[in-house]
Amino acid sequence: SQTIHQWPATLVQPVGSPLSLECTVEGTSNPNLYWYRQAAGRGLQLLFYSVGIGQISSEVPQNLSASRPQDRQFILSSKKLLLSDSGFYLCAWGFRDRRNQYEQYFGPGTRLTVT
Amino acid sequence: AQKITQTQPGMFVQEKEAVTLDCTYDTSDQSYGLFWYKQPSSGEMIFLIYQGSYDEQNATEGRYSLNFQKARKSANLVISASQLGDSAMYFCAMREGNMNRDDKIIFGKGTRLHILP
């Protein structure tokens, strides 16, 4: 079965510090991968998605970046965090099943607090 | 323009009653998919149900069913016989993209459901 991992689970970082959040997927190959951010009490905002190694599409221009160095690894980074970067970061992977129906599942999330 | 609209920011429902969570969407694609997710206080996003735009029958998964009205562009989630554990945030989402790999999902702002004992 497929599993998606995220770490760390929680993170407290000062303003201006760098960020690196990692997401890995097991049990599948060549998945679509996504990074979402959820501000407190709000909906999900799609930040980046990737359809393959080295292929990143950005949905929202900001001080964050994403990379996909390996097929099942997706990394969210920042060189200098802002207070507004605080939130719950969710990685997700998507695939089409045998009926060509699209499914998407989420990792456990990383709660980031920028102080 | 907002593509997924959930007009109910919060709902209070008595336990064992049926619940309908509203969702309307906007797309010009012929092929799309609609999802509902549940997010309890723990933060995890739990996939509940999926409806493809070409599916003729409404999707059902246990106590969850999706009332798909294509002409009205609505995809309401119905929870039968609600339980206390159903208290959570519920998100409607839509998959846009063609039949290739450019799939991505856009989420509504969510509805917070409170089940009362």
Side-chain angles (χ1 to χ4, degrees), chain A residues 2-6 9-10 23 28-53 55-60 66 68 71 87-113, chain B residues 2-10 21 23 25 27 29 31-57 59 61 66 68 88-112:
Chain A
Q2 301 85 5
T3 308
I4 184 167
H5 302 279
Q6 280 187 250
T10 59
C23 170
T28 185
S29 59
N30 205 21
N32 284 8
L33 295 173
Y34 306 84
W35 277 112
Y36 290 87
R37 177 171 61 199
Q38 185 179 30
R42 304 187 67 177
L44 274 73
Q45 179 187 33
L46 179 62
L47 301 176
F48 301 95
Y49 69 97
S50 171
V51 299
I53 295 174
Q55 300 178 62
I56 308 295
S57 296
S58 175
E59 289 294 302
V60 183
R68 187 167 176 176
D71 180 44
F88 190 51
Y89 288 81
L90 287 155
C91 180
W93 72 285
F95 68 99
R96 289 188 176 271
D97 64 14
R98 295 176 185 174
R99 301 170 298 166
N100 206 34
Q101 306 277 38
Y102 188 74
E103 298 185 29
Q104 187 174 65
Y105 294 91
F106 286 81
T110 294
R111 197 165 300 278
L112 171 67
T113 303
Chain B
Q2 196 168 2
K3 295 211 169 187
I4 298 287
T5 303
Q6 294 181 253
T7 57
Q8 307 150 310
L21 304 181
C23 174
Y25 60 91
T27 182
D29 287 353
S31 175
Y32 54 90
L34 297 156
F35 302 75
W36 277 93
Y37 286 87
K38 173 184 178 181
Q39 188 179 40
S41 56
S42 60
E44 61 185 313
M45 290 288 286
I46 302 169
F47 168 76
L48 295 179
I49 198 166
Y50 170 85
Q51 177 86 41
S53 59
Y54 292 118
D55 293 341
E56 294 184 354
Q57 292 189 331
E61 291 285 349
L66 198 151
F68 182 46
M89 195 76 166
Y90 288 80
F91 291 97
C92 179
M94 176 173 65
R95 185 268 302 157
E96 286 193 311
N98 53 33
M99 295 296 286
N100 298 322
R101 292 178 53 80
D102 192 20
D103 290 307
K104 54 184 177 181
I105 292 183
I106 301 168
F107 283 75
K109 294 186 177 182
T111 295
R112 185 165 295 282

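Order of the sequence lines sets the chain letters (A, B, ...), proteins ahead of strands, with each chain counted from 1.
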Atom CD1 in B:Ile106, atom CG in A:Leu46: separation rounded to 0.5 Å? 7.5 Å

From B:Ile4 atom CD1 to A:Leu44 atom CG, the distance as rounded to the nearest 0.5 Å: 12.5 Å

So, taking the atom named CG in A:Leu90 and the one named CD in B:Gln39, what distance separates them when rounded to the nearest 0.5 Å? 6.5 Å

Going by side chain to side chain donor-acceptor pair (under 3.5 Å), name the residues that satisfy it together with B:Tyr37, two or more places apart in sequence or in a different chain. none

Considering only heavy atoms, which portion of B:Phe35 lies under 4.5 Å from any heavy atom of chain A: side chain, backbone, both, or neither? side chain

At what distance, to the nearest 0.5 angstrom, does CZ of B:Phe91 lie from CD of A:Gln38? 4.5 Å

Distance in Å, B:Glu44 CD paired with A:Tyr105 OH, rounded so as to fall on 0.5 Å steps: 13.5 Å

